Peer 1: 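Can you keep this structure in mind? I'll have questions shortly.
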Protein chains: 2
Amino acid sequence: MKTPTSIQRMTRQRRILIETLDRRNWHPTAEEVYHIVRKKAPKVSLGTVYRNLDILSKEGVIAKIEDAGAQRRYDGNNKPHYHVKCLGCGNVWDVPDEAVSWVREPRVRIPDFTVTGHRLLFEGYCFHCGKQK
Amino acid sequence: MKTPTSIQRMTRQRRILIETLDRRNWHPTAEEVYHIVRKKAPKVSLGTVYRNLDILSKEGVIAKIEDAGAQRRYDGNNKPHYHVKCLGCGNVWDVPDEAVSWVREPRVRIPDFTVTGHRLLFEGYCFHCGKQK
DNA sequence: GTAAATGCAAAAACTTTGCAAATTC
DNA sequence: GAATTTGCAAAGTTTTTGCATTTAC
């Protein structure tokens, strides 16, 4: 796992948290991480877990899954279509079907799992936020 | 827009809310909907907006975008890969690259927008939740 | 020794819910 | 008139933050 660069002190709690996260096919919530880390660092606080998860994800060491942003968004258009989200301002736009090129819908086969659909979200920066960077 | 079937009374507030949502390329938060609806129904409450958004999305009339579920999830594996999420229990698993077939990465061109990446999430039901349905 | 990081608790942010009153059919 | 829906406010849930104390370097 990549070592974070903005971290200045490798505390016991942080080391245990990073070790804990270094597991394949595991997608824990902050509270799940908290409970696991507490087994080795019984006094760790949930705040510390949140703080470190935030630091690590900003570093790109770990990823936030399905980060919906602060507030959930709704779409009055219930026809299948894709979205693009600005990582700067959080705004979401539709992606016109003709803007996406692939030969066919993505297909997946997973044992013991019935796939009913998929969501594809493009990320990047809108004109306004891109200029600010 | 599809008309919801489980709704029994078309109240003034609900009608205005549905009319409000019927707009293209708009992906409002509950609070944004609330403020727009209030222009025509000044006494509407945020609770009513949430209740109706929930009903409408359960009906499939509107969609929740990037519904992260109750709690955010993290992934210690920061290499690009896709996920599959069970709509029953909310669990998330990795999708092995070889399980996804398409000819090439999805590409998109959107004016005034710099796309830096994409997220692809498959949805469905795991073995356990699929049996319960 | 110094500054970063923690623990704790309080606050913030977002969403859901109980209940009396209003409204639709 | 009966039952759904609303408005209000309170509570629930998740995440963030202020600050004194601890800890790593």
Side-chain angles (χ1 to χ4, degrees), chain A residues 3-21 27-59 61-75 89-90 92, chain B residues 3-21 27-59 61-75 89-90 92:
Chain A
T3 305
T5 52
S6 82
I7 285 175
Q8 317 233 359
R9 313 258 162 104
M10 184 52 67
T11 60
R12 177 176 148 70
Q13 296 89 326
R14 182 169 284 161
R15 183 175 47 71
I16 292 170
L17 185 144
I18 292 176
E19 284 168 10
T20 297
L21 286 170
H27 310 92
T29 62
E31 210 155 303
E32 285 167 353
V33 173
Y34 169 67
H35 287 300
I36 305 288
V37 170
R38 268 177 97 82
K39 290 182 183 168
K40 292 191 175 173
K43 300 288 290 287
V44 78
S45 71
L46 192 50
T48 293
V49 170
Y50 270 109
R51 264 186 294 235
N52 277 293
L53 289 174
D54 196 48
I55 291 169
L56 293 172
S57 62
K58 282 195 175 118
E59 292 268 338
V61 180
I62 66 172
K64 286 183 181 175
I65 297 182
E66 273 194 298
D67 180 11
Q71 292 176 69
R72 184 176 291 156
R73 287 179 182 277
Y74 298 83
D75 191 344
C89 58
V92 174
Chain B
T3 306
T5 53
S6 82
I7 285 175
Q8 317 236 357
R9 311 260 161 100
M10 184 53 68
T11 60
R12 177 176 148 70
Q13 295 88 327
R14 183 169 284 160
R15 182 175 48 70
I16 291 170
L17 184 144
I18 291 175
E19 286 169 7
T20 297
L21 286 169
H27 309 92
T29 62
E31 210 154 305
E32 285 168 353
V33 173
Y34 170 69
H35 286 301
I36 305 289
V37 170
R38 267 178 97 82
K39 290 183 183 168
K40 292 190 175 175
K43 300 287 291 288
V44 79
S45 71
L46 192 51
T48 294
V49 170
Y50 270 110
R51 263 186 295 235
N52 277 295
L53 289 174
D54 197 48
I55 290 169
L56 294 172
S57 63
K58 283 197 175 114
E59 292 269 338
V61 180
I62 65 173
K64 287 184 181 174
I65 296 181
E66 275 194 298
D67 180 9
Q71 291 177 67
R72 185 176 290 157
R73 288 179 180 279
Y74 298 84
D75 191 344
C89 59
V92 174

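Within every chain, numbering begins at 1; the chains are lettered A, B, ... in the order of the sequence lines, protein sequences first and strands thereafter. All values reported here derive from a predicted model rather than from experimental measurement. Side chains are part of it too, since the values below use all heavy atoms of this structure and drop only hydrogens, waters and symmetry mates.
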Peer 1: To the nearest 0.5 Å, what is the distance between CD on Glu31(A) and CD1 on Ile36(A)?
Peer 2: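 Nearest 0.5 Å value for the CD-CD1 distance: 12.0 Å.
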
Peer 1: Do Asp75(A) and Leu21(B) have side chains that approach each other closer than 4.5 Å (heavy atoms only, starting at C-beta)?
Peer 2: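 When only atoms from C-beta onward are counted, Leu21(B) and Asp75(A) do not touch, as no gap falls below 4.5 Å.
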
Peer 1: Can you check the Ile16(B) CD1 to dT23(C) P distance for me, whole Å?
Peer 2: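 Result: 13 Å.
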
Peer 1: Base contacts versus sugar-phosphate-only contacts with protein, heavy atoms under 4.0 Å: please encode nucleotides 13-25 of chain D as B, S and - from 5' to 3'.
Peer 2: -SSBBB-----BS

Peer 1: Take the protein atom CG of Asn52(B) and the nucleotide atom P of dT17(C), then report the distance between them rounded to whole Å.
Peer 2: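 Taking CG of Asn52(B) and P of dT17(C), I get 15 Å after rounding.
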
Peer 1: Shortest non-hydrogen contact from Lys43(B) to Arg38(B)?
Peer 2: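 The answer is C-NH1, 4.4 Å.
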
Peer 1: Are Ile18(A) and Met10(A) close enough that some pair of their side-chain heavy atoms sits under 4.5 Å apart?
Peer 2: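 A side-chain contact under 4.5 Å exists here.
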
Peer 1: Taking all atoms of both residues into account, what is the closest heavy-atom pair of Arg73(A) and Glu32(B), and its distance?
Peer 2: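 For Arg73(A) and Glu32(B), the tightest heavy-atom pair comes out as NH1-OE1, 3.8 Å.
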
Peer 1: Can you tell me the distance, in whole Å, between the NE2 atom of His35(B) and the P atom of dC14(C)?
Peer 2: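 The answer, rounded to whole Å, is 11 Å.
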
Peer 1: Hey, are Asp54(A) and Lys64(A) close enough for a salt bridge, meaning a charged N less than 4.0 Å from a carboxylate O?
Peer 2: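 Yes.
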
Peer 1: OH of Tyr34(B) versus C1' of dA13(C): gap in Å, rounded?
Peer 2: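 After rounding, the reported distance stands at 16 Å.
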
Peer 1: Taking atom OH of Tyr34(B) and atom OG1 of Thr20(B), what is their separation to the nearest 0.5 Å?
Peer 2: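 These two atoms lie 14.0 Å from each other.
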
Peer 1: If I take atom NZ in residue Lys43(B) and atom C1' in nucleotide dA21(C), what distance separates them, rounded to the nearest angstrom?
Peer 2: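 It works out to 11 Å between those atoms.
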
Peer 1: Taking atom P of dC25(C) as reference, at what distance in whole Å does atom CZ of Arg14(B) sit?
Peer 2: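 One finds 10 Å between P of dC25(C) and CZ of Arg14(B), rounded.
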
Peer 1: Angle between the two end axes of the helix from dG1(C)-dC25(D) to dC25(C)-dG1(D), five base pairs per end, rounded to 10 degrees?
Peer 2: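 For the helix from dG1(C)-dC25(D) to dC25(C)-dG1(D), the axes at opposite ends meet at about 30°.
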
Peer 1: Side-chain contact, heavy-atom cut-off 4.5 Å: Ile7(B) with Arg14(B)?
Peer 2: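 Answer yes - side chains close enough.
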
Peer 1: Expressed as a whole number of angstroms, how long is the span from Glu32(B):CD to dC14(C):P?
Peer 2: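 So the two atoms are 11 Å apart, to the nearest Å.
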
